[in-house]
Amino acid sequence: MSKEIGITSKKSEDFSEWYTQVVIKAQLADYAPVKGLIVLRPYGYSIWEFLKSSVDQKLKATGHENAFLPVLIPESLLSREATHFAGFTPEVFWVTYSGDSEIGDRLALRPTSETLAYSMYSKWIKSWRDLPLKINFWNSALRAEIKATKPFLRTSEFLWQEGHTVHAEKEEAENEVTSILEMYRKTVEEELAIPVILGKKSDKEKFVGAIYTTTMESIMPDGKALQMGTSHFLGQNFSKPFDVKFLDRQNVETFAWQTSWGISWRLIGALIMVHGDDKGLVLPPRVAPIQAVIIPIYSSQEDKDSVLNKASEIKENISKGGIRVHLDSRDEFTPGYKFHDWEMKGVPLRIEIGPKDLSKNKVVLARRDNMKKTDVAFEVLVDGTINALNDIQSDLFARAKTILSSKTKDVTEFSQFKKEIENGMFVRSPWCGSQKCEETIKEDTGADIRVIPFDAKSSEFPCIVCKSPSKTTAMFARGY
RNA sequence: GGGGACGUAGGUCAGCUUGGAUAGACUGCCAGCCUCGGGCGCUGGAUGUCGUGGGUUCAAGUCCCAUCGUCCCCA
């Protein structure tokens, strides 16, 4: 028995080490030769593709188009909006040479594309008839992470989509911000089975250059909050410096209203953390590259022939039922080895078929999430598989929801607040709205405001820090 | 921002304290067997710029200096 090839750390004991092992050993990604960069392997990329296609379909259905922007942005352009530039400059990679000659206006490897996109938009938009303009970019962004890198969660380059829209009316732009966030929520909850909390960021935490930022947040099992996607209302903060303006119906030159929004492969990190266990990855069926794996069991040559025959037949049937199924016919591994292997990779369903099953016209169906095994007759196998996958998807979501609510605490006393943050809780507390109190909390506890939920009500209790009347309730946690 | 650890086979690491001849283990990999229902067993095989550069020494994986890189923890 060789444990080395499996996950050797426990999720509950050494979370960080456990996480890294799952990423590497389930073959989602590998470390690149440059610090802070990872290589996405086919299995990991495949998960990204499911996520991508789900978002992509929804974007296209709502009138968004895809396009592509170059990776290099001249400094003169990046610095045009001062707040934005100041916020990003510490983590920008600069290209300063082309060949042997130094570049005068040095080039940034895009940390985000607002500036580049809007300099183009200003050329493309002339009339109210050109609006709304709704373009999405699937690309990568680069932000230098010097310390504390972690696959998918903190890397110096990451895959994402960034949407940039332009509207004639303020209200229309704000509706866009909201409906994109709602689309994100739907995707994350329905596909990844991760429950999220929607709301606004505080002014301190909002996107640099935005009027406000809406966000979806969740808390991870190690007690750190993860920002899972953001949708920003930019107002006219960018349209003015970038000259994104149009002639309206009254022939008046008007600055446009803008939004930008994005999700990244961070969501894969969340997926691993939320659903994974000591055996490795646990994938929700909707994003699992392989939804069911068939493991044939045999010893003698006759058994092998008959089992593999039936297994192929089953594979075909299930596949026709719209399920992504794989038959593991590798001869060099024992069934036990394969069980562990596919469990580590998080395949939601395993179908075992051996001589004993053949004689009874059934298979053994084993669920990855709860390890339960059931016998299923050949005739009902397709439906049985589909039902099991649906059950797994909803059970995973239900369990994650329970965990989220058990990690959410309402607190009105600062001493209690500190304790709960220390325990890795998502703490909901009254807040006066001042940045000073926010900073005090950050200094004293390491926590910041993750989200001010949309449904937050002003509390009867005073601000958790300064004891002056509270304006709202906010959710605090230490973050990734 | 502060701290800690590490770099030796594809992977995980031992060897370094106290320098010594051909650098090891497990795992993985390759070939062949095996009645393969939870990492089964057996036989044989291939695999190393000991991170890099310099120094000390008769002799350096081991000691010294420099350098590059990686991982982890804490605010």
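These values consider heavy atoms only, across backbone and side chains, with no hydrogens, waters or symmetry-generated copies. Chain A is the first sequence line, chain B the second, and so forth, proteins listed ahead of strands; every chain is numbered from 1.
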In Watson-Crick or G-U wobble terms, both distances under 3.5 Å, what is the partner of [N]?
{"N": "A21(B)", "value": "none"}
{"N": "G41(B)", "value": "C33(B)"}
{"N": "C6(B)", "value": "G69(B)"}
{"N": "A60(B)", "value": "none"}
{"N": "C26(B)", "value": "G11(B)"}
{"N": "U47(B)", "value": "none"}

message: Give me the distance, rounded to whole Å, that separates G54(B) from G20(B) when you measure between the P atoms they each carry.
response: 23 Å
Take atom [atom1] of [X] and atom [atom2] of [N], then tell me their distance rounded to the nearest Å.
{"X": "R154(A)", "N": "U70(B)", "atom1": "CZ", "atom2": "C1'", "result": "18 Å"}
{"X": "H340(A)", "N": "G39(B)", "atom1": "NE2", "atom2": "P", "result": "6 Å"}
{"X": "L358(A)", "N": "G37(B)", "atom1": "CG", "atom2": "P", "result": "16 Å"}
{"X": "D341(A)", "N": "G38(B)", "atom1": "CG", "atom2": "P", "result": "16 Å"}
{"X": "D303(A)", "N": "G37(B)", "atom1": "CG", "atom2": "P", "result": "12 Å"}
{"X": "D331(A)", "N": "C36(B)", "atom1": "CG", "atom2": "P", "result": "13 Å"}

- prompt: Starting at the 5' end of RNA chain B, which residue's closest nucleotide do you reach first, F333(A) or G36(A)?
  reply: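 First, find each residue's nearest nucleotide; the 5'-ward one identifies F333(A).
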query: Taking for each residue the nucleotide of RNA chain B with the nearest heavy atom, is it D357(A) or G446(A) whose nucleotide lies nearer the 5' end?
result: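 That would be D357(A).
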- prompt: Does a side chain donor of either E81(A) or T115(A) reach within less than 3.5 Å of an acceptor in the other side chain?
  reply: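 Short answer, no.
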Distance below 4.0 Å between [X] side-chain N/O and [N] OP1 or OP2:
{"X": "S16(A)", "N": "C73(B)", "answer": "yes"}
{"X": "T445(A)", "N": "A75(B)", "answer": "no"}
{"X": "K150(A)", "N": "C72(B)", "answer": "yes"}

query: So, E162(A) side chain and S113(A) main chain: donor-acceptor pair closer than 3.5 Å or not?
result: yes
- request: Pick base, sugar-phosphate or nothing for K356(A), based on heavy-atom distances below 4.0 Å to the nucleic acid.
  value: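 Here K356(A) touches the bases of the nucleic acid.
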- prompt: Ion pair present between E352(A) and K373(A), side-chain N to carboxylate O less than 4.0 angstrom?
  reply: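 Salt bridge between E352(A) and K373(A), a charged N being under 4.0 Å from a carboxylate O: yes.
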query: Does K204(A) come within less than 4.0 Å of E439(A), counting only side-chain N to carboxylate O?
result: no
- request: Could you go through the salt bridge (charged side-chain N to carboxylate O under 4.0 Å, His left out) check for R368(A) and D277(A) one step at a time?
  value: CA-CA 10 Å; R368(A) 174 64 181 89; D277(A) 64 19; 2.7 Å; yes
